[in-house]
Protein chains: 2
Amino acid sequence: MGRATDTAYDAVRQMILSGTAEAGSRLGEAELAETLGLSRTPVREALQRLGSDGLVEVLPHRGARVVQWTREDLEEIFELRSLLEPYAAARAAKLAPPQNVLDDLHEQCDAMERAVSEGDFGRVAQLNSAFHASLIEASGNRRLPAMLTSVMHAPLIVGTFRRYDADEMSRSMNHHRELVAALAAGDPAWAESVMRAHIRAAAANLRGER
Amino acid sequence: MGRATDTAYDAVRQMILSGTAEAGSRLGEAELAETLGLSRTPVREALQRLGSDGLVEVLPHRGARVVQWTREDLEEIFELRSLLEPYAAARAAKLAPPQNVLDDLHEQCDAMERAVSEGDFGRVAQLNSAFHASLIEASGNRRLPAMLTSVMHAPLIVGTFRRYDADEMSRSMNHHRELVAALAAGDPAWAESVMRAHIRAAAANLRGER
DNA sequence: TTCGTTTTGATTGCATGCAATATAGTCCTT
DNA sequence: AAGGACTATATTGCATGCAATCAAAACGAA
């Protein structure tokens with residue numbers, strides 16, 4: 001059993017991402033503390049962290065609410081992702097990641113494709129986040145991961161895969177494979193282009209549905 | 001008198017930016033609370049916030065330390081700035097800011113040039129941060145400000161102007177004026193280019209000295 | 001002396017109680 | 001009945017005490 005703050009953080013985070021705590025709903029400290037069997041202090045700290053993650057908004061003397069996303073928010077997020085992630089991919093390719101990192105990325109692709117064939121979209125989303133996180137980390141820029149968490153963990157982003165049809169899903173998987181290939185080849189321009197296409201495809205999908 | 005947490009946040013932040021709390025030094029909760037005449041709770045919350053701002057690093061059961069910047073950190077930061085700020089400038093130009101915003105930016109340029117002629121570099125740094133923040137806000141992307149705080153408030157960044165000679169200083173001021181002109185003209189490519197030059201000039205300066 | 005162990009001191013992590021503030025409901029005035 | 005001031009309740013903000021954990025000094029064995 002780790003720290004109570006982390007327990008609270010993970011729990012509330014999961015509530016938000018899974019939709020249990022719906023957008024706009026209040027997150028009372030006392031109520032959450034009761035539910036989780038903790039005191040208000042670690043809950044409060046967790047809400048603060050979620051606030052800086054951009055998952056909840058905390059107003060002075062008014063508590064925390066789950067943030068509500070608009071189409072504008074999505075546009076903003078995808079603009080930033082299509083700026084930062086291609087950069088991260090290019091950097092990662094330039095660094096020529098060691099073989100074990102490449103193997104790990106391939107492994108993640110395998111797992112994802114298995115999850116797709118099993119129709120487990122929740123797991124696909126989870127693995128996708130992990131894949132992008134790995135790639136961002138491979139960029140070597142130690143500030144990028146923290147910067148991107150605020151735009152990567154939006155509930156609607158995480159749930160993107162539910163909207164994909166078979167063609168879009170297979171295209172997305174191919175993008176991932178191609179990214180690893182570009183990294184293995186050490187070709188920054190290739191990696192950057194694939195990533196940009198990957199992000200813009202996702203943006204187009206969300207734009208079409210919503 | 002606002003909230004105690006804010007008081008603590010501002011105080012510690014100022015300690016770090018002014019150099020009173022030197023890089024690598026420990027920030028004990030009890031000690032700070034004593035100094036500021038508060039309890040540990042708001043101090044702790046402030047340190048947490050400063051942690052997500054990237055100004056301090058908090059380790060489990062080991063407390064908070066002022067982060068130490070390496071040349072690598074500076075490179076990383078300037079790479080991200082030269083990616084995001086030109087984008088922000090382009091977006092701002094595309095949005096064609098209202099006249100009062102442009103007036104405000106001009107006013108900030110005036111104040112900055114006065115501060116330069118008075119040799120008040122602390123004030124120059126402060127006004128420069130404000131100018132960049134205004135421009136980033138004018139981009140219309142509501143996520144950019146929070147994203148960039150983590151890379152804008154590094155102590156070494158804030159202190160950049162102390163290193164500038166007369167030519168570099170005047171070039172920097174000219175960049176600011178030119179940025180406002182590009183915004184007024186509604187020319188995204190112009191604004192983007194000037195901002196990129198502005199950032200890279202700053203990076204070159206820091207690279208040369210350090 | 002040097003390495004590993006133990007103990008001690010200090011500091012963070014968490015729980016709880018009280019004070020400050022906001023929201024909602026009630027009452028009074030017009 | 002409508003509007004505004006006031007009161008009541010619920011919730012956050014802050015202080016403080018205790019428990020858990022870590023770093024370092026003291027100790028003992030090789």
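By convention in this document, chain letters (A, B, ...) are assigned in the order of the sequence lines, proteins followed by strands, and residues within each chain are numbered from 1. Note that the structure is a prediction, hence the values are computed from the model and not measured.
- Distance CG (B/Leu38) to P (C/dA19): 18 Å, rounded to an integer number of Å.
- At D/dT12, none of the side-chain N or O atoms of A/Arg44 fall inside 4.0 Å of OP1 or OP2 (strictly under the cut-off).
- In this structure, B/Arg3 places its CZ atom 19 Å from P of D/dT11, rounding to the nearest Å.
- In this structure, CG of B/Leu36 is placed 11 Å from P of D/dA15, rounded to the nearest angstrom.
- B/Val43 and B/Ser39 get closest at one heavy-atom pair: CG2-O, 3.6 Å.
- Put simply, NE2 on A/His61 is 18 Å from C1' on C/dA24, counting in whole angstrom units.
- At whole-Å resolution of the value, CG in A/Leu32 and C1' in D/dT12 are 13 Å apart.
- Look at B/Arg26 and you'll find a side-chain N or O under 4.0 angstrom from OP1 or OP2 of C/dT12.
- Scanning all heavy atoms of the two residues, the minimum distance from A/Ser134 to A/Gln108 falls at OG-NE2, 3.0 Å.
- When distances run from any side-chain atom of B/Ser39 to the nucleotides C/dT16, D/dT16, C/dG13, the shortest one goes to D/dT16.
- One can find a donor-acceptor pair under 3.5 Å joining the base of D/dG13 and the side-chain atoms of A/Arg40.
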Please set out all donor-acceptor pairs under 3.5 angstrom arising from side-chain atoms of residues 8-16 of chain B, sequence neighbours excluded.
{"unit_1": "B/Tyr9", "atom_1": "OH", "unit_2": "B/Asp53", "atom_2": "OD2", "d": "2.3"}
{"unit_1": "B/Arg13", "atom_1": "NH2", "unit_2": "B/His153", "atom_2": "NE2", "d": "3.4"}

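- Residues of residues 47-56 of chain B that place a heavy atom closer than 4.0 Å to DNA chain C do not occur.
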Given salt bridge (Lys or Arg N to Asp or Glu O under 4.0 Å), test B/Arg40 with B/Glu29 step by step and report yes or no. CA-CA 6 Å; B/Arg40 280 178 48 214; B/Glu29 295 176 3; 3.0 Å; yes
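- In this structure, A/Leu27 atom CG and D/dT11 atom C1' are separated by 14 Å, rounded to whole Å.
- Looking at B/Tyr164 and B/Val124, their side chains never come closer than 4.5 Å, going by heavy atoms from C-beta outward.
- Look at CZ on A/Arg62: it is 16 Å from C1' on D/dG13, rounded to the nearest Å.
- Dashed line: the shortest gap from a side-chain N or O of A/Thr41 to OP1 or OP2 of C/dG13 is not under 4.0 Å.
- Rounded to an integer number of Å, the gap from A/Leu59 CG to D/dG13 P is 10 Å.
- A side-chain N or O of A/Asn205 and one of A/Glu168 form a donor-acceptor pair less than 3.5 Å apart.
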After noting the C-alpha distance and the side-chain angles of B/His198 and B/His132, does the key distance pass the side-chain hydrogen bond (donor to acceptor under 3.5 Å, both in side chains) rule? CA-CA 11 Å; B/His198 184 58; B/His132 281 260; 3.2 Å; yes
